[in-house]
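The figures here come from the full heavy-atom set of this structure, side chains too, leaving out hydrogens, waters and symmetry mates.
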Amino acid sequence: MIMDTTTPDIVLVEDNRHDAELTIRALQRSRIANSLIHLKDGEEAVDFFFCRGAYAKRNIADRPKLVLLDIKMPKLDGIEVLKRMKENAATRMIPVVVLTSSKEERDVVESYQLGVNSYIVKPVEFDGFLKAVSDLGLYWVLLNRGTNSL
Amino acid sequence: MPNTDTMPAGKKANILIVDDNKRNIFSIERMLARPDRGFTSATNGKDALKIALGKDLDLILLDVQMPQMDGFEVAQILKTNRRTRDVPIIFVSAEKKEHEFVGKGFEEGAIDYLYKPLDPVITEAKVSTLVQQYLQKKELAEKNTALEKYAWLINNSADLICTIDAATLKFEEVNRAVTDVLGFSREEIMGTSLLFYLHEEDKPKLQKLCLENKERFSFETRVWAKNRSIRNLNWNIVNRNGQWFANARDITGVKEAEEIRNYLAAVVRQSNEAIYLHDAEGRIISWNRGAEKIYGFSEKEALKMKIWNIVPEYLLAEAQQVVNTIMEGNEVRSVETTRITKTGEVIDVLFSASVLLDAGGNLQSIAITERDITEEKRANRELERAMKEVNVMNKELESFSYSVSHDLRAPLRALNGYSQMLEEDFQQVLDEEGRRWLANIRSNARRMGMLIDDLLAFSRMGRKELQKTPVDMKEIVAEVLRELEGSMVHQALIEIGDLPPTHADRALLRQVWTNLLSNALKYSAKTASPRITIGSLEEQEGECGYYVQDNGVGFNMDYAGKLFGVFQRLHGDEEFEGTGVGLAIVQRIIVRHGGKVWAKGVPGAGATFFFTLPCPPIVNDEKQ
């Protein structure tokens, strides 16, 4: 769907392929998933953001407009990915929305401390999830020009 | 002859004879000679003055007619000197008319006149009278001086000194100490009886002493001072001629010190702590019962030991160091250390020590107190171990619920999401029954989501630390009702009674009210005219009680025990929605606050839920 050298508008980092499929469908229905890449885990996400491995040819200066980041993933978890992004000047300004299936406070507090732009708890009720995802997508990709267009 | 008893044995009356004619001097000396008289003479005024100023004289016989300085001149000078002014003078003159010449200054006092030729009888009479008078006067003056000294001594005595009438026990004379100690003035005390001041219990003792009428006796009494304080007096009485010559010492301070000493001794004796003294070399010099109990050494055994016998070998150097620092004047307070008992058992003690000095500031002994904390420490260690276990279990529980929240929800999301996708994209392929089945799958997935959320909330309640603050119950109830009105449609009539404030975790308490009030609304929703009453119970045994009453479906008291269990429900899902966690959460929160929760119900007639909380601590700084 997407070439390794190009940078999409939306990066979805999600290890659960069903959750990913549902998320992508929600974004498509809101017509904002035209340019989206789905990364399967934290390791792949780090490769992508810092242009390593399969993404070595990507230009780090090309920044996605929005990252949807799952917290609980095998190997490298979402918090660790977020930490590395915020430590690096090239990736610090990319808006990150944390997706979590937990209401546990520690996730929320930790991710806010790292400077996430927002987070959503994935509800079982898919309608609510769709709405949340599309609202956030619209907001960040379409309205927020601050970070990438300069 | 006048009697010679007037002179003390061996002491002579000194008589100075002044005459310019030596023969006259001899004849007077002869005339007056007596064993108790000594004579000195001078032949002119100047010599006479010299002698008078240098010697204690008892009489001067002064010739009036002398060349250079006559007798009157000499007398005038003698009268101006303190040492000589009271010495009696007899002027001796030739003519009677000279008497008229005498100045007015000599009219009074010890002055007399003799006329030549001297008549031996008259001369002797005048001389012995004047000498006797003078000597008496001198003696009196000496006695007065002595009396003044005694009076001064008595009045300034710290002891109470007084005379008391032996029959009536009335004070006749008192010194200042009496007025000082009793607090009454001298005038108030005089004429009052000692019995008036006496402590009731001491009166029979004194009356018995009066009857015994011994010549000397001592006793101790308590007396009331004017300021209603009790003074302890120790009396010594000399009983003579119906009078008590009494001396009393105020021993109140001594008594008090004695009482304190006795009290302290009793405390030390009865203490369960080991209290003992040792000297600079470590020799044990006292050993109380507590020490006997803790160490197993009897007092007799301990007094032959040194403290090193109860110190484990590896602590000997340290113990010596402790003794050194104490001897430098430092205190050791509540230090944990280890000791050894008679049976060789190692015990933990809380050790305190300080130095005892004598009045001169010299080391007297070192005082040690020790509390046996072996049991305490063992209990603490066990408690710590248990706490650690609980912590590990809590951690495990936490990570368990964490993964539950993540991992159980993901499949539900998929279940629900794909069902929805089927519904949306394959509607035309499915018939009515198929769509109903899909809807059932979705509603069950939704319900499981709710169950997971509630279960997690319930487990969080158990772990969250309580943050207690003063809580205004009226405010919190109003808040919760406002919120519920936004999410639940109801027609209930809600009455709110008095709700005293409490001290609790506000967020958790809010959860309690939310659960109880939403239950009340839910279970009364199908009643014709729903009515909910919120109120409080009277304070009882330091607990404040609150209740929520509804007139809804109620419940059978047979099942009251099941109400507060997790996932326990008394109504079908079809009838009233819910997961059965709300009341379990209420119970968990209330129990964690140290309160109780219970319910009363009648099927079809409503339910009342009660809970209590410990009453808030009394705070003094009331808001103005």
Side-chain angles (χ1 to χ4, degrees), chain A residues 12-31 33 38 40-42 68-81 98-111 119-134 137, chain B residues 394-426 438-465 467 505 507-508 511 577 579 581 585:
Chain A
L12 171 65
V13 187
E14 171 64 82
D15 65 317
N16 184 317
R17 57 196 167 86
H18 293 146
D19 272 351
E21 194 180 345
L22 294 169
T23 308
I24 291 165
R25 179 182 152 97
L27 293 171
Q28 274 169 346
R29 286 172 66 118
S30 313
R31 308 200 188 289
H38 171 211
K40 313 288 184 298
D41 56 43
L68 295 172
L69 181 62
D70 188 28
I71 285 293
K72 197 164 176 269
M73 292 184 294
K75 293 190 266 192
L76 226 50
D77 69 15
I79 295 291
E80 189 56 37
V81 173
V98 166
L99 299 175
T100 171
S101 51
S102 149
K103 280 181 191 163
E104 292 277 303
E105 286 167 336
R106 56 177 185 176
D107 282 349
V108 177
V109 170
E110 219 171 321
S111 43
Y119 83 99
I120 43 173
V121 178
K122 291 183 261 182
V124 171
E125 190 63 55
F126 203 66
D127 285 336
F129 184 38
L130 273 181
K131 189 169 184 312
V133 167
S134 56
Chain B
N394 268 343
K395 281 257 165 61
E396 276 170 11
L397 193 67
E398 207 174 325
S399 59
F400 169 74
S401 43
Y402 185 72
S403 41
V404 165
S405 74
H406 281 87
D407 300 341
L408 288 189
R409 285 163 60 97
L412 285 178
R413 267 199 309 279
L415 217 58
N416 192 47
Y418 284 106
S419 305
Q420 191 180 359
M421 280 158 74
L422 258 181
E423 219 172 60
E424 283 168 5
D425 294 5
F426 294 88
L438 264 180
N440 282 349
I441 292 174
R442 288 189 64 198
S443 83
N444 275 291
R446 199 164 46 228
R447 179 161 171 76
M448 183 151 180
M450 261 157 64
L451 286 170
I452 291 169
D453 284 347
D454 284 355
L455 188 58
L456 280 174
F458 178 67
S459 97
R460 256 201 306 275
M461 291 302 164
R463 283 178 282 126
K464 218 182 136 197
E465 210 161 300
Q467 291 179 330
D505 187 308
L508 293 182
Q511 190 67 53
E577 238 185 75
T579 57
V581 177
I585 287 175

Smallest separation among heavy atoms of B:A410 and A:N16, with atom names: CB-ND2, 3.6 Å
Candidate pair B:Q420 and A:R25, rule side-chain contact (heavy atoms from CB on, under 4.5 Å), full reasoning: CA-CA 12 Å; B:Q420 191 180 359; A:R25 179 182 152 97; over 6 Å; no
Between CG on residue A:L22 and CE on residue B:M421, distance to nearest 0.5 Å: 5.5 Å
